Amino acid sequence: MSSSNKMSSPVKLLASEASIARFRRGLLGWYRAAKRDLPWRRTRDPYRIWLSEIMLQQTRVAAVLDYYRRFLARFPTVEALAAARLEEVLRLWAGLGYYSRARNLHRAAQEIVARHGGEFPRAWEAALAMPGVGKYTAAAILSIAYDAPHAVLDGNVARVLARLDAVRGDLRAPRRWSALATRAQQLADPASPGDWNQAMMELGAVVCLPSPPRCEQCPVRRFCSAHALGLENSLPAARRKRAPESVTLAAAVLLDPRGQTLLVRPAEADSALFSRMWQFPAVALKAGATRASAIAALATHLRRSLGIRSIKPAHLAPADDSRHTVTFRRIRLATFLLRVKKLPRVSNSRTPLLARVAHLAVSSATKKIAAAALRTVPAVSAHRPRTTRP
Ligand code: SF4
């Protein structure tokens with residue numbers, strides 16, 4: 001429809017049962033012919049579908065593919081995952097981010113084996129009781145694996161629905177979100193709930209993009225009120241984003257003559273930026289902290305937390321800064337190398353080779369700090385800074 005014919009008053013092109021039936025046929029036909037060939041679409045195994053849905057939370061398909069294959073090669077069944085050590089699960093997850101997903105997956109696998117005979121539960125309430133499984137994920141798994149009639153609703157599907165019905169306002173407002181959930185269920189094809197949900201997700205992922213939507217390629221364009229009204233680029237209304245928060249993190253990479261370093265696992269609140277995984281001793285500072293103030297704060301932290309009483313700011317050799325982003329936090333990682341004759345003995349710590357840190361179950365931030373320290377090691381060796389004794 002040309003912009004000159006576009007209607008200026010509200011329309012609802014998906015009102016009658018007949019139009020909904022045509023809409024379903026159009027969307028499902030398009031999906032079955034044009035869907036991307038993804039490994040989790042070649043199976044009905046609930047374990048594999050569950051794993052893919054967890055990995056895809058907040059993560060792009062392209063980033064998930066290799067992780068999904070590696071994870072299944074090591075843990076081909078829910079029993080294998082349940083029997084694994086958490087450390088190994090986290091190691092295979094390292095780099096994918098949002099590590100609580102891996103912890104919850106591991107715990108849920110143990111519950112599935114212990115209480116559900118090794119099969120992802122079929123009942124809605126039991127599925128929702130699994131660690132890490134919310135309404136969207138439960139609806140996706142149950143519909144795709146078991147053909148259960150639950151429609152999915154997440155940000156992508158909500159965007160598609162909002163455009164189809166020309167819904168104004170903040171979609172996340174509770175009443176509007178609840179109306180969208182009702183609408184998602186009303187439009188879903190009861191004969192093919194799994195394909196239907198995937199078709200809606202696929203439409204949101206490859207055609208009805210946030211900006212701009214590819215309406216000229218859209219298989220359901222004639223049912224779309226936003227398109228008819230010329231509002232496809234302005235709906236849904238943009239959400240107010242949380243203002244980014246800048247943080248500086250000063251991290252100490254201790255290094256002994258054998259190339260070993262110290263990783264710690266502090267209390268939860270202190271280690272949130274490292275996803276509660278092994279990390280270098282670190283202290284958070286206000287954004288824009290000077291190098292001198294970072295060194296002074298880090299030296300104090302090492303004295304208090306590791307008992308390195310003899311440490312002086314001059315012992316901390318600066319390495320490159322790196323950047324890291326976690327949701328709304330923009331983090332400057334200020335890395336300092338501290339050569340020691342002997343690593344301090346502290347509880348809840350480990351002492352791997354610095355060169356091995358990137359291969360352990362650690363967050364991306366810890367890998368960046370290790371890489372910055374490793375780049376600095378030859379330069380530091382050249383002018384031999386003083387070592388300190390714990
Ligand atoms: Fe989205 Fe455009 Fe299709 Fe409407 S016509 S559903 S705005 S891609």
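Counting starts at 1 for both ligands and their atoms, following the listed order. Worth saying up front: this structure is predicted, and the values here are computed from it rather than measured.
Taking the side chain as every heavy atom from C-beta outward, R183 and L14 approach each other to under 4.5 Å.
When each of L354, V340, L255, L343 is checked for a side chain to side chain contact (heavy atoms under 4.5 Å, CB included) with L262, only L343 meets the rule.
Between W196 and F23, the ring planes lie perpendicular to each other; the angle is over 60°, past the 30° to 60° tilted range.
More than 12 non-hydrogen atoms from other residues, nucleotides or ligands lie less than 6.0 angstrom from CD of E216.
For R332, the salt bridge (charged side-chain N to carboxylate O under 4.0 Å, His left out) partners are D321, not counting sequence neighbours.
In this structure, the ring of W93 has its center no less than 6.0 angstrom from the ring center of Y67.
Here atom 3 (Fe) of ligand 1 has protein N, O or S atoms under 2.8 Å from it, and they come to 1.
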